[in-house]
Amino acid sequence: MLHEVLLERKDIIRSRMSLVSLYETEEPSSEIEEILAQFENPTFPIEEVNTEKEEEWQPLERKYLDGVNQIKENVQEKTAQLDKDLESSLAHSDEILKSHRDFRPIDDRDYSNIKLAISKHFDQAKTNLRADAATKILMLRRDIEQQGRKRRNFDKNTTDTLQNWFHDHRTNPYPSDQEKADLAKQCNIKISQVNNWFGNQRIRSKHQALRIEEEERNRLAALAAEEAEAMQTAIAEATAAASSSLTAASLINLPLMNPSMQAMVLPTVQPNLVQPNLVQPTLINGAPGFLQQPHYFPTLGDNTNGQHFYTDFETFGLVQHQQPDAEQFNTINYLG
DNA sequence: ACTCATGATTTCCA
DNA sequence: TGGAAATCATGAGT
């Protein structure tokens, strides 16, 4: 984890500020001085601070200012120390040269050469000190930025790159460490962000697949229900039609069925008490007459109960699954 | 203002 | 420790 962070920081520094090369140069760099201008005029690394609630940013801003100040004091302290050391080194070199006068001739060139060499050495030390401070400031700014930044969506290039990789490896969308590093570099995001993205992407594409599957199931279920309802309607209509076309006389000769079934679908034909001269329904086979249930039972002929069953699967488009044998049918509770 | 997308964080597990 | 899953918080479109 720490390693990852360091790697990322190194990348940032290299790509954004090319600080690494600054270390290699012998000369004081204007870039370093630019960064160290923060000492005199610290600028908070987050722009939103001006447009949003002050309280929200204050602690973070305080942290940044304190951090910069600490770096500044450290530089000043060490610079002062270097200056003191320079003085004493120069004084010491004077002493040495003077002592050398006893062995060899010493002229002004000797003095200026050694002073130049010593000064150069201390200048380099100071340059390194300032480069070091500049690095610390950049890191501080990055930390602050990290802590204060609200979530930003990745740009299109980034999401495209990640998306392409994901799609190309959709059978096994698990990038290796090396591939994660490559993607991070390519997308200019952190390795941890690559990890987040793939974590999110994997779980979310999985959920999406499940959702689509479920929607398909629901669609088919709805379709089946719709068909069932249409069938019910057709049955009801056909029943009504059959009922209205039947004459009272024809009712008499209709075969009998289970009375409770009749109650469910059609009213029992009762003797007409108001107009007793009308033909009264009679008893057939000793049972009260009633209209035949829609024909969704198979023909069994005489079912041994003296009742006759009709078939009319074709009428309602029903599929006859199986032909129950008489014994089975007699024991079926077909209403319930 | 609502709602969904999306990046980040947290929690749990092998 | 890496990944799955749940959850949080913000971005962005309406």
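Labels below follow one simple rule: chain letters A, B, ... track the order of the sequence lines, proteins then strands, and each chain is numbered from 1.
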From CD1 of A:I191 across to P of B:dG7 the rounded distance in Å is 18 Å
Exercise. Should we count NE2 of A:H92 as having more than 12 external heavy atoms under 6.0 Å?
Worked result: no
Whole-Å distance, A:R151 CZ to C:dT7 P, equals 18 Å
What one should report as the nearest heavy-atom pair of A:V194 and A:K180 is CG2-O, 3.9 Å
Need one value for A:F198: base, sugar-phosphate or nothing, where a base atom within 4.0 Å counts as base even if backbone is also close, heavy atoms only. nothing
Rounded to whole Å, CZ of A:F166 lies from P of B:dT6 at a distance of 13 Å
Rounded to whole Å, NE2 of A:H207 lies from P of B:dT6 at a distance of 15 Å
- Task: Please evaluate the base of B:dA8 for a donor-acceptor partner in the side chain of A:N200 within a cut-off of under 3.5 Å?
- Result: yes
Sorted by chain and residue number, the salt bridge (Lys or Arg N to Asp or Glu O under 4.0 Å) partners of A:D83 (sequence neighbours excluded) come out as A:K126
Donor-acceptor under 3.5 Å (A:N164 side chain, A:D160 main chain):
yes
With sequence neighbours left out, the residues meeting side chain to side chain donor-acceptor pair (under 3.5 Å) with A:S176 are A:E179
Any A:Q193 side-chain nitrogen or oxygen under 4.0 Å from OP1 or OP2 of B:dG7: no
note: A:W197, atom CH2; B:dT6, atom P; distance rounded to Å ~ 10 Å
message = At 4.0 Å (heavy atoms only), tell me whether A:N153 reaches a base, stays on the sugar-phosphate, or touches nothing.
response = sugar-phosphate
When rounded to whole Å, the CG to P distance for the pair A:N195 and C:dG2 reads 8 Å
Separation of C:dG3 atom C1' from A:Q201 atom CD, nearest Å, is 15 Å
Exercise. Establish, with yes or no, whether the OP1 or OP2 oxygen of B:dG7 is under 4.0 angstrom from a side-chain nitrogen or oxygen of A:R152.
Key: no
Query raised in the report: Reckon A:R204 touches a base, only the sugar-phosphate, or nothing at all at heavy-atom distances under 4.0 Å?
Result: base
Point to revise | N/O donor-acceptor pair under 3.5 Å between A:Q193 side chain and A:K190 backbone | key: yes
Rounded to whole Å, CG of A:N196 lies from P of B:dA5 at a distance of 19 Å
In numerical order, the residues of residues 172-183 of chain A whose heavy atoms come under 4.0 Å of DNA chain C are A:Y174, A:K180
Notebook entry, point to check: So, for A:W165 and A:F198, is the gap between ring centers shorter than 6.0 Å?
Noted result: yes
